[in-house]
Amino acid sequence: MTIYDSVQKKKRDFIPQVQGKATLYVCGPTVYDDAHLGHAKSALVFDLLARVLKANGYDVTYARNITDIDDKIIKKAIEQKKEIKEITDFYTEAFHREMEALGVLRPDIEPRATESLEAMFTLIQNLIDLGHAYKTNEGDVYFDTASDGEYLTLSRRVQEEEEKQNRIESSSLKKNSADFALWKSVKNDNMTYESPFGKGRPGWHVECSAMIEKHLANANNKYAVDIHGGGADLLFPHHENEAAQTRCATNHALANYWMHNGFVNINDQKMSKSLGNSFFLKDALEKYDGEVLRFYLLSTHYRANFNFNEEDLLTSKKRLDKIYRLKKRLFGLTQNGEKTSFQEKLLEALSDDLNVSQALALIDMMVTNANEILDTAGKHKELKTETLANLAFIEKILGFGVKNPFIYFQFGINQETKEKLAALIIQRDEAKKAKNFEASDKIREEILAYGVSLMDTPQGTFWEKV
RNA sequence: GGUGCCAUCGCCAAGUGGUAAGGCCGCAGCCUGCAAAGCUGCUAUCCCCAGUUCAAAUCUGGGUGGCACCUCCA
């Protein structure tokens, strides 16, 4: 398969360091607030990547961290007069719940900063011993960017420009304005951790490097992991700094392939906390089926910026609906895991740097073709088993169509309404039988007011939430 | 100011040298009591200019217009 490497800026064939195995590390959320659509996009992209790697036969080890040490968490804990753990547990659970609703599979490893402190100490100590980090007389430990000859090669920035930008706010205690904290000394504050460098907190960048060493890296390999991923904004400074730490503290580079997903905008506007237009996942999930969000957020190539808007989302829903309607037509039949050329082509498309658009085009054509044949008279035994196997493959690799198709079309309809609909449908059937079409159409109008449309089929009348 | 990305039908969106995928919307039809669903058919020469080439949406140069990062951020 091929992967676009955002550092080399080209598509590269994916060749893992250890044949048949793939290691993947993705920067996960800082659990101090609800996850927004951007978190969802990133999680979905790398969930898909892990699935595609597996489908290509790789034994995948996927790690996504949870940052549970952070100034914003502490700030919130103080504001709400709560324990840090209470805050981080709450948002971690919410994150897991929301990811599940999106059909995002749990990574193999989910390291937390609080559980990785020893690994951070080791890494920081190595950097100090090797002359790549220094302690200030205030007790902070900084990474010495000047000691790393390859600093800024990842994001290809120009040192002087960075300095120009940083000069104003640079601390006099830092040797170089670009130097970043590995350990922040904290005094008069009980929310600190003991370390060989004194009481304080780790810097943000150090946790990823440390976790990767602890959970994924093999000392003999050239790279700590095969693939490192995250949002486009993380390339600089976060990933630049991670890469610098790892290359200076260990004898290997951090990652062979770097992948960065594009940003999610809301109605052409950047989503940001300061603009107050963050679209929280929990709110979106109340309005839309998680799988519709999954389909929509994955429908555009992962590297492109994504402009979230309701109109496009509903277009995506219609596309997903078609998969589910085909599932309805074949409901109750079991699949036998048959391999088809459709599946080969689908995997091929996704293996080309996650070309989801191509994959969706293939799916649409497969669905149309299956419907067309099912529309014509015949027993279609072969087509049915083949189609069922294809749908199962789509479920597995893309996570589309995983629900019971009848339940899928009931999203947002409560039990009371369901009973009411059932009663109205019986009334309408009676009117239809009596050829009282005026009455039956009136009932249909009434049902439509619930946002529900009816479908008369030889098997009876079915309803769907529009 | 520095670094980088992008510009394809009304809308969303693939395609990165060989003559424009797919979806939504729209129109016409089949099916239907009528619908819905499903199916069939129809709809673009790729922001502008110049160049390279037998051949360019795809490469090069120059415009124009969007956008991102450079500060915590997926």
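Letters go in sequence order (proteins before strands), and every chain restarts at 1.
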Trainee: Both distances under 3.5 Å, Watson-Crick or G-U wobble: report the partner of rA21(B), or none.
Mentor: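 Base partner found: none.
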Trainee: Give a yes/no on whether any side-chain N or O of W463(A) is located under 4.0 angstrom from OP1 or OP2 of rA37(B).
Mentor: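 Negative; the distance criterion is not met.
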Trainee: Base, sugar-phosphate, or nothing for S440(A), non-hydrogen atoms under 4.0 angstrom?
Mentor: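 Contact class for S440(A): base.
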Trainee: Taking only the C1' atom of each, what is the distance from rA44(B) to rG10(B) in whole angstrom?
Mentor: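 Straight-line distance between the two C1' atoms is 11 Å.
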Trainee: Say you pick atom C1' in rA21(B) and the same atom in rC46(B); how far apart are they, in whole Å?
Mentor: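 Nearest-Å result for rA21(B) against rC46(B) at atom C1': 14 Å.
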Trainee: Can you tell me which nucleotide in rU40(B), rA21(B), rA74(B) comes closest to the side chain of H39(A)?
Mentor: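 Nearest to the side-chain atoms of H39(A), counting from C-beta on, is rA74(B).
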Trainee: Now, which nucleotide makes the Watson-Crick or G-U wobble pair with rC27(B), with each of the two distances under 3.5 Å?
Mentor: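 WC or wobble partner is rG41(B).
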Trainee: Could you state the atom-to-atom distance from CG of D312(A) to C1' of rG10(B) in whole Å?
Mentor: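 Result: 13 Å.
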Trainee: Starting at the 5' end of RNA chain B and moving along, which residue's nearest nucleotide shows up first, N307(A) or L37(A)?
Mentor: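 Looking at RNA chain B, the more 5' nearest nucleotide goes with N307(A).
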Trainee: How about K418(A): does its NZ atom have over 12 heavy atoms from other parts shown lying under 6.0 Å from it?
Mentor: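 Enclosed: over 12 neighbouring heavy atoms sit under 6.0 Å from NZ of K418(A).
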Trainee: If you count the non-hydrogen atoms of other residues, nucleotides and ligands that lie under 6.0 Å from CD in Q80(A), is the total more than 12?
Mentor: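 More than 12 heavy atoms, drawn from other residues, nucleotides or ligands, come within 6.0 Å of this atom.
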Trainee: Compare the minimum distances between each of rG33(B), rC70(B), rC72(B) and the side chain of R428(A), then state the nucleotide with the smallest one.
Mentor: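 Selected nucleotide (nearest to the side chain): rG33(B).
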Trainee: Determine the interatomic distance between C1' on rC73(B) and the same-named atom on rU58(B); round to the nearest Å.
Mentor: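 One C1' to the other, the span is 35 Å.
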Trainee: Within this structure, what is the CG-to-C1' distance between L154(A) and rC70(B), rounded to whole angstrom?
Mentor: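 Roughly 14 Å, once rounded to whole Å.
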Trainee: Over how many whole Å does the gap from F295(A) atom CZ to rC12(B) atom C1' extend?
Mentor: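 Those two atoms, CZ and C1', are 12 Å apart.
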Trainee: In whole angstrom, give me the gap between the C1' atoms of rU43(B) and rU8(B).
Mentor: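 Here rU43(B) and rU8(B) have their C1' atoms 15 Å from each other.
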Trainee: Looking at Y450(A), does the NZ or CZ of K420(A) lie under 6.0 angstrom from its six-membered ring centre and within 45 degrees of the ring axis?
Mentor: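 No - K420(A) does not lie over the ring of Y450(A) by the 6.0 Å and 45° rule.
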Trainee: Take atom CD in E100(A); do more than 12 heavy atoms of anything else shown fall under 6.0 Å from it?
Mentor: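 Incorrect, the count does not exceed 12.
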Trainee: Round to the nearest Å and state the distance from E445(A) atom CD to rA36(B) atom C1'.
Mentor: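 The distance from CD of E445(A) to C1' of rA36(B) comes to 12 Å, rounded to the nearest Å.
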Trainee: Now, which nucleotide makes the Watson-Crick or G-U wobble pair with rC67(B), with each of the two distances under 3.5 Å?
Mentor: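 Result: rG4(B).
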Trainee: In whole Å, I'd like the distance from the NE2 atom of H239(A) to the P atom of rU3(B).
Mentor: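 For the pair H239(A) NE2 and rU3(B) P, the rounded distance is 23 Å.
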Trainee: Kindly say if N305(A) contacts the phosphate of rC67(B), meaning a side-chain N or O under 4.0 Å from OP1 or OP2.
Mentor: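 Answer no for this pair, as no side-chain N or O of N305(A) is under 4.0 Å from OP1 or OP2.
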Trainee: Would K287(A) and D283(A) satisfy salt bridge (Lys or Arg N to Asp or Glu O under 4.0 Å), going step by step from the backbone distance to the final call?
Mentor: CA-CA 7 Å; K287(A) 238 177 142 180; D283(A) 298 327; over 6 Å; no
Trainee: Write down the partner of rU58(B) under the Watson-Crick or G-U wobble criteria, each distance required to be under 3.5 Å.
Mentor: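 Per the H-bond distance test, none.
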Trainee: Can you check the distance between rG41(B) and rG23(B), where both ends of the measurement are the P atom (answer in whole Å)?
Mentor: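 Comparing P positions in rG41(B) and rG23(B) gives a spacing of 11 Å.
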Trainee: Of the listed nucleotides (rC73(B), rC39(B), rG22(B)), which one gets closest to any side-chain atom of H36(A)?
Mentor: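 Ranking rC73(B), rC39(B), rG22(B) by closest atom to the H36(A) side chain puts rC73(B) first.
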Trainee: What's the CD-P distance between E372(A) and rA37(B), to the nearest Å?
Mentor: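 So the two atoms are 18 Å apart, to the nearest Å.
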Trainee: Rounded to whole angstrom, note down the C1' distance from rC47(B) over to rC6(B).
Mentor: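 Going atom to atom, C1' in each nucleotide, I get 12 Å.
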Trainee: Take atom C1' in rA7(B) and the same atom in rA14(B), then report the distance between them in whole Å.
Mentor: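 Straight-line distance between the two C1' atoms is 15 Å.
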Trainee: Between Q459(A) (CD) and rA36(B) (C1'), how many Å, whole number?
Mentor: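 Q459(A) atom CD is separated from rA36(B) atom C1' by 15 Å.
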Trainee: With rounding to whole Å, what would you report as the distance between rU19(B) and rU53(B) at their C1' atoms?
Mentor: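 These two C1' atoms come out 14 Å apart once rounded.
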Trainee: How many whole angstroms separate atom CZ of F342(A) from atom C1' of rG22(B)?
Mentor: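 Roughly 13 Å, once rounded to whole Å.
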Trainee: Scan residues 282-302 of chain A for pairs that pass ring-ring contact (aromatic ring centres under 6.0 Å, His included), counting only residues two or more places apart or in two chains.
Mentor: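 Matches after skipping sequence neighbours: F295(A)-F400(A), Y296(A)-F306(A), Y296(A)-F308(A).
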Trainee: From C-beta outward on R157(A), which listed nucleotide comes closest to its side chain: rG22(B), rC70(B), rC34(B)?
Mentor: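 Within the option list, the nearest is rC70(B).
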Trainee: Select base, sugar-phosphate, or nothing to describe what G38(A) touches, counting heavy atoms under 4.0 Å on all strands.
Mentor: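 It contacts base atoms.
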Trainee: Would you indicate, yes or no, if rC25(B) has its OP1 or OP2 atom less than 4.0 angstrom from a side-chain nitrogen or oxygen of K318(A)?
Mentor: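 Checking rC25(B) against K318(A), a side-chain N or O does come within under 4.0 Å of OP1 or OP2.
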Trainee: Can we call the ring centroids of H228(A) and Y25(A) under 6.0 Å apart?
Mentor: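 Centroid separation for H228(A) and Y25(A): below 6.0 Å.
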Trainee: Should the heavy atoms of other residues, nucleotides or ligands under 6.0 Å from CD of E79(A) be counted, would the total exceed 12?
Mentor: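 More than 12 heavy atoms, drawn from other residues, nucleotides or ligands, come within 6.0 Å of this atom.
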Trainee: May I ask you to say what L234(A) touches in the nucleic acid, namely base, sugar-phosphate or nothing, with a heavy-atom cut-off under 4.0 Å?
Mentor: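 Contact class for L234(A): sugar-phosphate only.
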Trainee: Could you work out which one of rG33(B), rC34(B), rG38(B) sits closest to the side chain of R444(A)?
Mentor: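 When the side chain of R444(A) is considered, rC34(B) is the closest of rG33(B), rC34(B), rG38(B).
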Trainee: Could you list the protein-to-nucleotides 14-18 of chain B atom pairs, N/O on both sides, closer than 3.5 Å?
Mentor:
unit_1  : atom_1 : unit_2  : atom_2 : d
rA14(B) : OP1    : H301(A) : N      : 3.2
rA14(B) : O5'    : S357(A) : OG     : 3.3
rA14(B) : O3'    : N355(A) : ND2    : 3.3
rG15(B) : OP1    : N355(A) : ND2    : 3.4

Trainee: Quick one: on RNA chain B, does S155(A) or K41(A) contact a more 5' nucleotide (nearest heavy atom)?
Mentor: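 The answer here is S155(A).
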Trainee: If you look at every strand shown and take non-hydrogen atoms under 4.0 Å, does D456(A) touch a base, only sugar-phosphate, or nothing?
Mentor: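 Here D456(A) touches the bases of the nucleic acid.
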Trainee: What contact category does R156(A) fall into here, base, sugar-phosphate, or nothing, at under 4.0 angstrom with non-hydrogen atoms?
Mentor: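 Contact class for R156(A): sugar-phosphate only.
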Trainee: Where the side chain of K72(A) is concerned, which of rC70(B), rA21(B), rC72(B) is the nearest nucleotide?
Mentor: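 Output: rC72(B).
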Trainee: State which of rG22(B), rA74(B), rG38(B) makes the closest approach to the side chain of V264(A).
Mentor: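 For V264(A), the side-chain atoms sit closest to rA74(B).
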Trainee: Regarding D68(A) and T92(A), do their side chains bring together a donor and an acceptor under 3.5 Å, going by distance alone?
Mentor: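 Side chains of D68(A) and T92(A): no pair found under 3.5 Å.
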Trainee: Can you say whether a donor on the side chain of R303(A) sits under 3.5 Å from an acceptor on the base of rC5(B), or the other way round?
Mentor: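 Side chain to base: no pair present.
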Trainee: I'd like to check, for F263(A), whether its ring lies over the base of rA68(B) with centroids under 5.5 Å apart and a plane angle smaller than 30°.
Mentor: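 F263(A) ring does not meet the centre or angle cut-off for rA68(B); no stack.
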Trainee: Please tell me which of the listed nucleotides, rA74(B), rG33(B), rC24(B), lies nearest to the side chain of N261(A)?
Mentor: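 It is rA74(B).
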Trainee: More than 12 heavy atoms of other residues, nucleotides or ligands under 6.0 Å from NZ of K76(A): is that the case?
Mentor: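 More than 12 heavy atoms, drawn from other residues, nucleotides or ligands, come within 6.0 Å of this atom.
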Trainee: Just compare rC24(B), rU40(B), rA37(B) and give me whichever is closest to any side-chain atom of M455(A).
Mentor: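 My answer, after comparing the listed nucleotides, is rA37(B).
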Trainee: Which one is paired to rC73(B), where only Watson-Crick or G-U wobble pairs with both distances under 3.5 angstrom count?
Mentor: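 In the structure as shown, rC73(B) has no Watson-Crick or wobble partner.
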Trainee: Would you please indicate if the ring centroids of F46(A) and Y62(A) are separated by under 6.0 Å?
Mentor: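 No, the ring centres sit 6.0 Å or more apart.
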Trainee: Does R325(A) get its side chain close enough to the base of rA37(B), under 3.5 Å, for a donor-acceptor pair?
Mentor: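 Answer is no: no donor-acceptor pair is held.
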